[in-house]
Amino acid sequence: MEIIECGNEVRVYGVTDFCLEHIFECGQAFRWNRSQKGYTGIAAGKVINVDYMEEDQVLILKGCTTDEFNEFWKHYFDLTRDYSQIKMDLSSNDQIMEEAVRYGWGIRILNQDPWETLISFIISANNNITRIKGIIEKLSRKFGKQISGEGNEGSPCYSFPSPLSLALADEEDLKACGCGYRGKYIKHTAGMVVNGLIDIYGLKNLSYEEAHRELVKCMGVGDKVADCILLFSMEKAEAFPVDVWVKRIMESLYIGHTIPKGKIKTYAKKLFGPYAGLAQQYLFYYAREKKIGKKE
DNA sequence: TCTCAGGACCTAG
DNA sequence: CTAGGTCCTGAG
């Protein structure tokens with residue numbers, strides 16, 4: 001990995017197994033949008049534009065310094081993990097996974113902020129991506145802070161709201177952002193964070209099982225949402241979130257009949273091992289793009 | 001205790 | 001009527 005900084009952009013050479021569309025369209029992050037070039041998004045209270053040239057294996061980050069890249073974005077994009085090796089391990093002796101990996105070859109599991117991920121995935125329950133993104137944008141505009149930089153069409157950008165701001169928020173104001181019945185969950189969970197009833201930044205130091213047990217104590221966090229938070233913000237690559245798409249593809253391509261979600265998770269963790277979460281992402285992207293298992 | 005089903009639930013399209 | 005589920009009950 002070679003880094004060159006010029007002007008306000010950083011170029012990172014030697015980046016492989018990387019595709020922005022795969023990364024941002026696989027349902028793990030909600031604050032990134034396609035722009036003229038690449039994607040523009042907000043993370044860690046900063047606006048940034050990223051673009052990637054496959055032929056040169058170069059990742060370009062606009063609005064970023066070398067220090068910021070090394071201290072934050074390198075880990076955010078999970079650039080130190082060897083995806084080639086993991087993809088080979090997952091694909092050996094597994095035709096289905098081989099196909100899924102070939103399809104979503106550039107997926108990376110982002111290392112996002114635990115607090116933002118917690119609330120984002122509470123919102124994701126029984127919801128669709130378009131609406132999830134809209135709700136998070138409205139929440140940020142209402143309860144976040146304006147930050148420098150601009151989004152698409154020069155629109156102002158807002159950081160994700162702090163725990164305190166959502167804990168103090170009027171439930172009706174949360175609902176006005178489109179949260180619906182999840183407004184109560186958000187306020188309640190934000191309160192738990194503020195009061196120290198859950199230490200979301202310490203959870204990654206616990207085992208997968210312990211951290212999962214803690215997370216489901218939060219209102220609005222069930223088994224699936226907890227697994228998403230663990231996978232996308234707490235470096236638990238073994239977490240295997242079972243949503244409808246993954247349930248369908250596991251049932252139709254691996255198991256052959258319908259079975260309860262809990263058993264799918266056990267089955268998958270045994271089959272895919274410590275990188276079950278990455279397997280889940282490849283399967284999810286593959287299933288959703290190809291509409292596999294979708295009933296007519 | 002623990003697992004599994006079934007219904008209710010905001011809201012935009 | 002559906003969409004990346006959770007909460008709440010009740011049954012086994």
Side-chain angles (χ1 to χ4, degrees), chain A residues 22-32 100 104 107 109-110 112 116-139 142 166 169-190 192 198 209 212-233 236 239-252 255 257-269 276-296:
Chain A
H22 296 171
I23 292 168
F24 293 130
E25 309 294 341
C26 69
Q28 60 175 325
F30 305 105
R31 301 212 72 192
W32 290 89
I107 288 176
I109 306 285
L110 298 175
Q112 304 182 72
E116 177 171 341
T117 308
L118 169 65
I119 297 302
S120 297
F121 279 90
I122 287 177
I123 295 168
S124 80
N126 193 20
N127 215 336
N128 61 62
I129 293 183
T130 319
R131 215 158 71 77
I132 298 165
K133 290 174 81 166
I135 293 169
I136 292 173
E137 188 55 40
K138 283 180 206 146
L139 281 177
K142 193 163 181 63
L166 292 186
D170 186 345
E171 200 176 309
E172 293 308 312
D173 289 336
L174 292 174
K175 288 185 176 173
C177 293
C179 299
Y181 62 88
R182 305 171 194 81
K184 183 171 70 173
Y185 302 164
I186 293 170
K187 185 172 169 63
H188 191 275
T189 293
M192 288 178 66
I198 183 163
E209 287 81 6
H212 189 284
R213 235 191 322 276
E214 285 299 306
L215 279 171
V216 294
K217 289 178 184 168
C218 297
M219 197 174 204
V221 178
D223 181 39
K224 187 266 176 181
V225 166
D227 277 330
C228 286
I229 299 164
L230 288 163
L231 181 59
F232 302 135
S233 73
K236 301 301 182 195
F240 192 87
V242 181
D243 56 55
V244 289
W245 290 100
V246 172
K247 184 171 188 293
R248 284 175 193 154
I249 197 171
M250 288 301 291
E251 287 172 343
S252 65
I255 301 169
H257 55 90
T258 60
I259 63 169
K261 285 171 65 173
K263 290 194 175 165
I264 295 181
K265 201 167 131 174
T266 315
Y267 181 96
K269 294 191 83 152
L278 276 74
Q280 190 270 3
Q281 281 305 98
Y282 292 120
L283 288 175
F284 174 77
Y285 188 71
Y286 182 62
R288 210 166 68 94
E289 294 291 313
K290 303 206 120 189
K291 303 192 188 307
I292 288 177
K294 170 95 175 152
K295 17 183 192 234
E296 299 297 311

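So you know, we letter chains A, B, ... as the sequences are listed, proteins then strands, and number each from 1. Keep in mind that what you see is a predicted model, and the values were worked out from it rather than measured. Computation of the quantities below employed the complete heavy-atom set of this structure, encompassing side-chain atoms and omitting hydrogens, waters and symmetry-equivalent molecules.
One atom, CD1 of I129(A), and another, P of dG13(B), lie 16 Å apart when rounded to the nearest Å. Here the P atom of nucleotide dC7(C) and the CE atom of M219(A) are 7 Å apart, to the nearest Å. In this structure, the CD1 atom of I132(A) is 17 Å from the P atom of dC10(B), given to the nearest Å. Atom NZ in K263(A) sits roughly 14 Å away from atom C1' in dA5(B) (whole-Å rounding). Between the CG atom of N127(A) and the C1' atom of dA8(B) there is a distance of 16 Å, given to the nearest Å. As rounded to whole Å, 9 Å separates atom P of dG13(B) from atom CG of N128(A). In this structure, the CG atom of D243(A) is 15 Å from the C1' atom of dT2(C), given to the nearest Å. Atom C1' of nucleotide dT3(B) and atom CG of D223(A) are separated by 12 Å, given to the nearest angstrom.
Taking only distance into account, the side chain of Y185(A) never meets the base of dG5(C) through a donor-acceptor pair shorter than 3.5 Å. For R131(A) against dC10(B), a side-chain N or O and a base N or O form a donor-acceptor pair under 3.5 Å.
Dashed line: the shortest gap from a side-chain N or O of R288(A) to OP1 or OP2 of dA3(C) is not under 4.0 Å.
If you check every strand for non-hydrogen atoms under 4.0 Å, K247(A) touches nothing. As judged by a 4.0 angstrom heavy-atom cut-off over every strand, I122(A) is placed among residues making no nucleic acid contact. Nucleic acid contact for V221(A): sugar-phosphate only, since backbone atoms but no base atoms lie under 4.0 Å from a heavy atom of the residue.
In terms of heavy atoms, S120(A) sits closest to I136(A) at OG-CD1, 3.5 Å.
Between E209(A) and R213(A) there is no salt bridge, since no side-chain nitrogen of the basic residue lies less than 4.0 Å from a carboxylate oxygen of the acidic one. A salt bridge is absent between R288(A) and E25(A); no separation between the charged side-chain nitrogens and carboxylate oxygens falls under 4.0 Å. Under the 4.0 Å criterion applied to side-chain N and carboxylate O atoms, K217(A) and E214(A) are assigned as salt-bridge partners. With respect to D223(A) and K265(A), a salt bridge is recorded, a charged nitrogen being found less than 4.0 Å from a carboxylate O.
Each of C218(A) and C228(A) was matched to the nucleotide of DNA chain C holding its nearest heavy atom; the match closer to the 5' end belongs to C228(A).
Across all strands shown, dA3(C) forms a Watson-Crick or G-U wobble pair, both distances under 3.5 Å, with dT11(B).
Comparing the same atom, P, in dT9(C) and in dC10(B) gives a spacing of 15 Å after rounding to whole Å.
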